[in-house]
Engineer: 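Supplied in structure tokens, the structure appears directly below.
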Number of protein chains: 2
Amino acid sequence: MARTPRNDALILEVLGRNRRFRSCQEVHIVLVRRSSGQGKPPSLSTVYRALHRLVREGLLDTIRSPDGELLYRLCRTSDRHHHLMCRLCGRVEDVPQAEELSAALDRIGGASGFGGLDYTFELSGVCPRCS
Amino acid sequence: MARTPRNDALILEVLGRNRRFRSCQEVHIVLVRRSSGQGKPPSLSTVYRALHRLVREGLLDTIRSPDGELLYRLCRTSDRHHHLMCRLCGRVEDVPQAEELSAALDRIGGASGFGGLDYTFELSGVCPRCS
DNA sequence: ATGATATTGAAAATGGTTTTCATAACCATA
DNA sequence: TATGGTTATGAAAACCATTTTCAATATCAT
Ligand SMILES: [Mn+2]
Ligand SMILES: [Mn+2]
Ligand SMILES: [Zn+2]
Ligand SMILES: [Zn+2]
């Protein structure tokens, strides 16, 4: 059953090349460029499908760009962590999970009566190089 | 110069009616329903334009729904707070700011070298009524 | 009124993403 | 190697929230 689509490796390699979040279309363009000479690159649909699959399997993180595009990035660690994006150059840095959050979560869960609490904690700032 | 578009008040009133984030199209539908009998409701374009303007002026908060839609809500200007959305029914509850966050922010800022740190902390869960 | 400026509605365009569906690749089995 | 069932793929079309266009209105100062 668990057959491995033959393009997943390619896509993971593209995402592994640097530390920036990329849109599906950016990934696709890289694949198209890279396949000059070699055979045909995977189609855009295939890249979309592969990215979905990889997210589902926990191999990729996603964030949304300010204009609503979905961006993908190889997930370094399997531990939970946050993303700190530079507002000027767009580079993203991983930040270890803030352990303060679990306390806050517990407290909020208790006070609100909500169950199955989950959260997103996205950080932005200006990186040293840009300031 | 600062003419006031005649529909801004209407839209603000719709958003003021309850505490949920709403998409532009939801706001528009409310306006359409509400204008049965009275004159024509503003067009969808006008609602989009008004919401942009109100966000620009700082009167509205926005978040993105999981599927990428932009949602709007009247901004409680004063104190910072978080949003706890029910994954099943979509209702949003305000949660007082987690004071743990400021400590985490300071620590992360120091460790990363980033300046001007800002963050979003969005919560989701299952509300009492849905569980 | 006159004209300058800002707003509006209707329809079309945009653009990222998803769906469709026919075809190809894959894999187990005989 | 043939056979058949299952999954992956490409190309094009569909989707759908949002934006843009542009002609028609409304608004306001003079
Ligand atoms: Mn990550
Ligand atoms: Mn709020
Ligand atoms: Zn930077
Ligand atoms: Zn609920």
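Everything numeric here is computed off the predicted structure, so don't read it as measured data.
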Engineer: dG9(C), dT18(D), dG10(D): which one has an atom nearest the side-chain heavy atoms of R49(A)?
Structural biologist: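 Taking heavy atoms from C-beta onward, the closest nucleotide is dG10(D).
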
Engineer: Counting just side-chain N and O atoms, does Y48(B) come under 4.0 Å of either OP1 or OP2 of dT18(D)?
Structural biologist: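 Result: yes.
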
Engineer: Ring centroid separation for H82(A) and Y119(B), is it under 6.0 angstrom?
Structural biologist: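 Not close enough - the centres of the two rings lie 6.0 Å or further apart.
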
Engineer: Nearest whole Å is fine: how far is dC15(D) P from L44(A) CG?
Structural biologist: 18 Å

Engineer: Taking R34(A) first and then E13(A), would you say they form a salt bridge - that is, a charged N and a carboxylate O separated by under 4.0 Å?
Structural biologist: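 E13(A) and R34(A): salt-bridged.
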
Engineer: Would you kindly give the CG-to-C1' distance between L31(B) and dT8(C), to the nearest whole Å?
Structural biologist: 14 Å

Engineer: Whole angstroms only, please: what is the CG-C1' distance between D67(B) and dC16(D)?
Structural biologist: 11 Å

Engineer: For T46(A) and L71(B), take the nucleotide of DNA chain D holding the closest heavy atom to each; which residue's nucleotide lies nearer the 5' end?
Structural biologist: T46(A)

Engineer: Below the 4.0 Å mark, does dA8(D) have OP1 or OP2 next to a side-chain nitrogen or oxygen of N7(A)?
Structural biologist: no

Engineer: Less than 4.5 Å apart, side chain to side chain, heavy atoms only: is that true for F121(A) and L101(B)?
Structural biologist: yes

Engineer: Given dT17(C), dT7(C), dA10(C), identify the nucleotide with an atom nearest to the side chain of S45(B).
Structural biologist: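 Closest nucleotide among those given: dA10(C).
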
Engineer: Regarding D94(A) and R73(A), does a basic nitrogen lie under 4.0 Å from an acidic carboxylate oxygen?
Structural biologist: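 Judged by the 4.0 Å cut-off on N to carboxylate O distance, D94(A) and R73(A) do form a salt bridge.
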
Engineer: Can you find a side-chain donor-acceptor pair between H83(B) and D61(B) that sits under 3.5 Å?
Structural biologist: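 Their side chains do not contain a donor-acceptor pair, so the 3.5 Å distance test is not met.
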
Engineer: What is the distance, rounded to the nearest whole Å, between atom CD of Q25(A) and atom C1' of dT18(C)?
Structural biologist: 12 Å

Engineer: Expressed as a whole number of angstroms, how long is the span from H28(B):NE2 to dA17(D):C1'?
Structural biologist: 14 Å

Engineer: Counting side-chain heavy atoms from CB outward, which of dT17(C), dA8(D), dG9(C) is closest to R53(A)?
Structural biologist: dA8(D)

Engineer: Roughly how many Å is it from CZ in R64(B) to P in dT18(D), rounded to a whole number?
Structural biologist: 8 Å

Engineer: How is H52(B) classified with respect to the nucleic acid when contacts are heavy atoms under 4.0 Å: base, sugar-phosphate, or nothing?
Structural biologist: sugar-phosphate

Engineer: Atom CD1 of I29(B) to atom P of dC16(D): distance rounded to whole Å?
Structural biologist: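 For the pair I29(B) CD1 and dC16(D) P, the rounded distance is 14 Å.
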
Engineer: Measure distances between side-chain N and O atoms of S23(B) and base N and O atoms of dA17(D), and say whether any donor-acceptor pair falls under 3.5 Å.
Structural biologist: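 Donor-acceptor pair under 3.5 Å: no.
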
Engineer: Measure NZ/K40(B) against C1'/dT7(C) and give the value in whole Å, please.
Structural biologist: 15 Å

